[in-house]
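Bear in mind the structure is a predicted one, so any value in this text is a computation, not a measurement. Labels below follow one simple rule: chain letters A, B, ... track the order of the sequence lines, proteins then strands, and each chain is numbered from 1.
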Number of protein chains: 2
Amino acid sequence: MRRDVFQAIADPTRREILHMVCDKPLNVNAVAGHFDVSRTAVYKHIKILAECGLLEVKQKGRERFCEAKPEKLNEVSKWVDQYKRFWEQKLDALEAYLQLIQEPSNNK
Amino acid sequence: MRRDVFQAIADPTRREILHMVCDKPLNVNAVAGHFDVSRTAVYKHIKILAECGLLEVKQKGRERFCEAKPEKLNEVSKWVDQYKRFWEQKLDALEAYLQLIQEPSNNK
DNA sequence: TAGTTGTGCAACCGATTGGTTGCAAATATA
DNA sequence: TATATTTGCAACCAATCGGTTGCACAACTA
């Protein structure tokens, strides 16, 4: 059972769950109510998100509240940043080129 | 056939392929040679990466060179940035707290 | 021309995924 | 206490995934 952050955020439903609980913790039923799949299906997604640390489930009476732990996304952020310089330097080159061909001195 | 960037980078082999070709384009066999799965398996990963725009395949004679298009990761970067403020403000709060309890004026 | 190399793809396979229904158990409420 | 609510989980299912072998074909090379 591979369980890493990259695999967890690959599913659009899981990304939406994360978005739902990021400003206020919600109990399992509240989360499940926003989707048209079964509660069990949503519960499984919550479990996967919890297993890889993207959210924390806290019991309160008979309810369990899902609290987002977005700091785990730092792993993804750092991975993407590795490549950022590649596309940013390409954009810089494009910008420089556009500036060059508009340079008035070229019309001399 | 769902084919988005999030799903594409979920697989560790595909992330490694992307890393391999990011500084120099490599042909299909060269990429496949670095893994101990079959060429066909690697080829399928390349196809998925190409389909979602993370790399481009350019024919040159009988060879096909895989060129990384990391700018497509911008989509992931933007999604993660949505949440960055959540964990950064938590870290700020922690830092502020640590600074507060070390404040000399508290010893007065 | 004959052989080698690089590639695309069909066909198949077991494991995983995302979904379902149904039931049991714990907690709240009448 | 009887009933309703919230949850966890087992059992099952079809589709997808990541892998395989085998073959066809185009393009270099001897």
Side-chain angles (χ1 to χ4, degrees), chain A residues 1-21 24-69 72 76 79, chain B residues 1-21 24-69 72 76 79:
Chain A
M1 189 180 14
R2 180 161 55 87
R3 204 111 294 177
D4 62 276
V5 191
F6 289 93
Q7 187 247 354
I9 63 168
D11 187 276
T13 305
R14 285 197 286 269
R15 289 201 298 277
E16 208 174 329
I17 291 174
L18 206 63
H19 186 256
M20 280 182 60
V21 301
K24 186 165 68 78
L26 296 172
N27 71 25
V28 176
N29 269 357
V31 175
H34 281 70
F35 299 92
D36 53 359
V37 294
S38 72
R39 177 184 59 82
T40 307
V42 174
Y43 169 72
K44 282 187 187 179
H45 285 306
I46 289 174
K47 234 189 151 188
I48 289 170
L49 288 168
E51 272 170 16
C52 77
L54 276 169
L55 55 83
E56 218 169 80
V57 181
K58 288 178 179 170
Q59 185 144 8
K60 205 174 185 180
R62 68 181 160 189
E63 295 172 85
R64 314 258 164 129
F65 286 86
C66 306
E67 195 181 316
K69 293 279 162 190
K72 247 282 162 147
V76 180
W79 183 81
Chain B
M1 188 182 12
R2 182 160 54 86
R3 204 110 295 176
D4 61 277
V5 190
F6 289 93
Q7 188 248 352
I9 63 168
D11 187 274
T13 303
R14 285 196 287 267
R15 289 202 297 278
E16 208 174 330
I17 292 175
L18 205 62
H19 186 257
M20 280 181 61
V21 301
K24 185 165 68 81
L26 296 172
N27 71 23
V28 176
N29 269 357
V31 175
H34 281 71
F35 298 92
D36 51 1
V37 294
S38 71
R39 177 185 58 84
T40 306
V42 175
Y43 168 72
K44 282 187 186 179
H45 286 305
I46 290 175
K47 232 186 153 190
I48 289 170
L49 288 168
E51 272 170 16
C52 77
L54 276 169
L55 55 83
E56 219 169 80
V57 181
K58 287 178 181 169
Q59 184 144 9
K60 205 173 184 180
R62 68 183 159 188
E63 294 171 85
R64 315 257 163 129
F65 286 87
C66 306
E67 194 181 317
K69 292 281 162 188
K72 248 279 161 150
V76 180
W79 182 80

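Side chain of E16(A) to main chain of L18(A): no donor-acceptor pair is present (N/O by atom type, distance under 3.5 Å, no hydrogens or angles). Between the Q7(B) side chain and the I9(B) main chain, no donor and acceptor come within less than 3.5 Å of each other. Between the side chain of R64(B) and the backbone N or O of V57(B), no donor-acceptor pair lies under 3.5 Å.
Phosphate contact (OP1/OP2 of dG8(C), side-chain N/O of R64(B), threshold under 4.0 Å): present. Taking only side-chain nitrogens and oxygens, Q7(B) never comes nearer than 4.0 Å to OP1 or OP2 of dT16(D). Within the structure, a side-chain polar atom (N or O) of N29(B) is placed less than 4.0 Å from OP1 or OP2 of dG6(C). Taking 4.0 angstrom as the limit, K60(B) places none of its side-chain polar atoms (N or O) nearer than this to OP1 or OP2 of dA27(D). Within the 4.0 Å cut-off from OP1 or OP2 of dC9(D), at least one side-chain nitrogen or oxygen of Y43(A) is found.
Two end axes, each from the C1' atoms of five base pairs, can be drawn for the helix from dT1(C)-dA30(D) to dA30(C)-dT1(D); they diverge by 10°, to 10 degrees.
L26(A) has its CG atom 15 Å from the C1' atom of dT6(D), to the nearest Å. In this structure, D4(B) atom CG and dT16(D) atom P are separated by 15 Å, rounded to whole Å.
Residues I48(A) and Q59(A) each lie close to DNA chain C; by heavy-atom proximity, the contact nearer the 5' end of the strand is made by I48(A).
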Which atoms of nucleotides 19-23 of chain D (N or O only) lie under 3.5 Å from a protein N or O atom, and what are those distances?
unit_1	atom_1	unit_2	atom_2	d
dG19(D)	OP2	H45(B)	NE2	2.4
dG19(D)	N7	K44(B)	NZ	3.2
dG19(D)	O6	K44(B)	NZ	2.2
dT20(D)	OP1	S38(B)	N	3.3
dT20(D)	OP2	S38(B)	N	2.7
dT20(D)	OP2	S38(B)	OG	2.4
dT21(D)	O4	T40(B)	OG1	3.4

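When each of K60(B), K24(B), K58(B) is tested with E67(B) by the rule salt bridge (charged side-chain N to carboxylate O under 4.0 Å, His left out), just one qualifies, namely K58(B).
In the set dC17(D), dC9(D), dG18(C), dC9(D) carries the atom at the smallest distance from any side-chain atom of K47(A).
When side chains are defined from C-beta on, L55(B) counts as touching I17(B), because their heavy atoms get closer than 4.5 Å.
Remark: N27(B) CG to F65(B) CZ distance equals 5.0 Å, nearest 0.5 Å. With rounding to the nearest 0.5 angstrom, the CZ atom of R14(A) is 11.5 Å from the CD1 atom of I46(A). Interatomic distance, SG of C52(B) versus CZ of F6(B), reported as 11.0 Å (0.5 Å rounding).
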* Asked: Would V42(A) and V28(A) satisfy side-chain contact (heavy atoms from CB on, under 4.5 Å), going step by step from the backbone distance to the final call?
  -> CA-CA 8 Å; V42(A) 174; V28(A) 176; 5.8 Å; no
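Counting distance only, with no hydrogens placed and no angle test, the side-chain atoms of R62(A) and the base atoms of dT6(D) include no donor-acceptor pair under 3.5 Å.
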